[in-house]
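Computed from a prediction, not measured in an experiment: that's the story for all the values here.
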Amino acid sequence: MPAPARRCLEHQGRTDGPLPYGPNSSSPELVAAVAGQHGIPLATEEVMVTSGSQAALFALFHAHVEAGSAVLGPDPGFVAYRSLAQLCQAQPVGYALGPGGALDADLVEAALVEALRAGHPVSMVVLNHPANPTGGLADADSLRRVAELCARHGAVLVSDEVYRELWVGAGGQPAGLHEAAGLDAGVVLGSVSKAFGAPGLRVGWAVGPAELLAPARVVHNAMTTAPARPSQDAATALLTSAAEVLPTARREVARRWEVLAEVAPELLARADAAAGRPDPGPAAGTGSCSGQQPAAGAGSRSMSRAGFYLWLPLPAGTDPAGTTAFALRVRDESLVTTVPGDAFGPRGAGFLRVSLGGPVEELVEGLVRLAPWWEG
Ligand SMILES: Cc1ncc(COP(=O)(O)O)c(C=O)c1O
């Protein structure tokens with residue numbers, strides 16, 4: 001956990017006196033810190049602090065998704081979108097992604113048309129960029145096109161951007177929905193769980209039009225009242241120290257990609273080839289571990305990378321229908337845990353999600369054990 005949060009919690013542990021509730025709408029300091037971090041001017045009613053972005057998703061789904069409607073989400077995509085749609089008795093509909101897991105507005109539109117044809121009005125469209133599990137991004141034009149599509153069809157657009165601060169290399173911060181299409185385009189999710197390194201605090205947020213957040217606040221308050229007070233204060237400490245915390249987190253993630261490039265370059269090359277990323281050639285590393293940016297046009301693999309997941313195709317000749325069986329063999333024979341891609345949706349078959357998180361020594365050991373499965 002980054003030092004500002006630790007210091008805050010230590011201070012709280014030494015302080016006498018009551019430990020109050022909420023407040024339900026969260027502390028004004030935390031709301032202001034979220035607004036300050038978001039990048040566009042916001043009013044208080046346009047920020048909803050929640051118990052992790054997971055609780056923001058739960059509240060938004062229960063406020064806006066009608067039984068019998070369709071919810072569009074990425075396939076492969078973060079599993080909560082599908083299960084929340086089912087909890088709301090809606091139909092989860094996966095849309096395909098472009099090369100490298102990138103958002104492709106045409107593919108979202110195709111899924112929307114298909115859902116309408118099947119008789120399901122579309123109540124919500126969920127985007128996730130940078131994406132879990134693929135690391136895929138969204139460009140500003142695609143975000144604007146999806147926002148227009150949702151506006152035309154009366155669907156609530158939710159853009160899950162919890163990994164957006166974890167970018168690596170010269171590409172800079174990936175596009176965000178509100179910067180690309182304005183606040184009215186939909187709701188953007190953020191969290192202290194990823195770049196701020198504090199998932200155990202359980203603090204996240206939704207930012208968007210007040211009228212979309214108001215009914216979701218009712219759900220969230222009924223569910224949790226508010227995130228725990230010490231967590232709210234520690235999250236405030238993190239957000240107000242973003243200038244110190246985020247560059248450190250980005251350096252740490254860059255280091256993970258560099259470890260991968262050094263220990264198992266063939267795995268990185270296979271993942272990049274499957275994603276359609278150019279081969280940087282033998283001389284170009286990820287370029288950001290030292291804090292230096294690669295020269296423009298150097299073709300570094302780091303140029304548009306974000307997050308800490310490697311989306312790795314199965315070894316050539318392995319049947320995609322056996323994705324889970326392959327992941328289990330790797331687990332049982334090499335004691336390395338990966339997530340089979342089809343756990344994220346049927347289009348994830350043929351891939352494994354490899355996390356670059358955890359202690360670096362364990363990452364190195366895991367990669368050393370993993371690499372031979374792709375040899376030959
Ligand atoms: C894409 C995505 N969204 C949301 C979440 C939920 O995160 P949290 O509730 O910790 O903010 C996760 C967690 O892994 C995630 O990967």
Side-chain angles (χ1 to χ4, degrees), residues 1-59 132 160-167 173 176 187-208 213 216-217 220-221 223-256 291 306-308 355 357-360:
M1 181 166 50
R6 213 176 46 243
R7 281 195 297 267
C8 176
L9 293 173
E10 279 166 4
H11 174 75
Q12 284 170 346
R14 285 195 302 270
T15 307
D16 264 347
L19 182 59
Y21 277 117
N24 284 14
S25 55
S26 163
S27 77
E29 293 79 14
L30 180 50
V31 172
V34 170
Q37 173 65 21
H38 193 64
I40 61 167
L42 293 172
T44 307
E45 312 76 61
E46 291 161 344
V47 177
M48 175 175 75
V49 173
T50 56
S51 299
S53 59
Q54 179 73 31
L57 282 166
F58 184 97
N132 173 9
D160 181 341
E161 301 181 4
V162 297
Y163 293 95
R164 193 168 159 236
E165 297 289 356
L166 274 184
W167 50 271
Q173 188 179 37
V187 179
V188 169
L189 304 185
S191 178
V192 298
S193 296
K194 309 301 176 189
F196 288 97
L201 289 180
R202 307 312 301 130
V203 174
W205 53 87
V207 171
L213 299 187
R217 278 183 213 283
H220 190 262
N221 288 351
M223 193 182 146
T224 66
T225 309
R229 191 59 187 248
S231 288
Q232 291 189 36
D233 293 346
T236 307
L238 286 173
L239 285 161
T240 51
S241 309
E244 164 199 337
V245 174
L246 293 180
T248 307
R250 287 196 275 267
R251 274 197 298 278
E252 185 56 36
V253 167
R255 179 164 162 240
R256 304 320 179 92
F308 45 79
S355 171
V360 170

Identify the heavy atoms of [X] and [Y] that sit nearest to each other, and give their distance.
{"X": "Thr236", "Y": "Ser27", "result": "OG1-OG, 4.2 Å"}
{"X": "Glu161", "Y": "Val188", "result": "OE1-CG1, 3.4 Å"}
{"X": "Glu45", "Y": "Leu213", "result": "O-CD1, 3.7 Å"}
{"X": "Val192", "Y": "Ala235", "result": "CG1-CB, 4.0 Å"}
{"X": "Cys8", "Y": "Ala237", "result": "CB-CB, 4.1 Å"}

Notebook entry, point to check: Between atom CZ of Phe308 and atom CG of Asn132, what is the distance when rounded to the nearest 0.5 Å?
Noted result: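 Between Phe308 CZ and Asn132 CG, I get 8.0 Å after rounding to 0.5 Å.
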Item checked: Distance, nearest 0.5 Å, that separates CG of Leu9 from CE of Met1 ->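 So the CG of Leu9 and the CE of Met1 are separated by 5.0 Å.
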Margin query: Contact between Tyr21 and Arg229 at the side-chain level, heavy atoms closer than 4.5 Å - yes or no?
Written below: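 Result no, sub-4.5 Å side-chain heavy-atom pair not found.
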Item checked: Min side-chain heavy-atom separation Leu201-Gln232 under 4.5 Å ->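 In short, these two side chains do not touch, never coming nearer than 4.5 Å.
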Checklist line | Worked verdict on Tyr163 versus Val253 for side-chain contact (heavy atoms from CB on, under 4.5 Å) | finding: CA-CA 11 Å; Tyr163 293 95; Val253 167; over 6 Å; no
Note to self: Under the side chain to side chain contact (heavy atoms under 4.5 Å, CB included) test against Leu238, which residue among Val203, Leu30, Val245 passes?
What the structure shows: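 The option that passes is Val245.
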Margin query: Regarding Glu252 and Arg255, does a basic nitrogen lie under 4.0 Å from an acidic carboxylate oxygen?
Written below: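 So Glu252 pairs with Arg255 through a salt bridge.
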Checklist line | Full working for side-chain contact (heavy atoms from CB on, under 4.5 Å) between Asp233 and His11 | finding: CA-CA 11 Å; Asp233 293 346; His11 174 75; over 6 Å; no
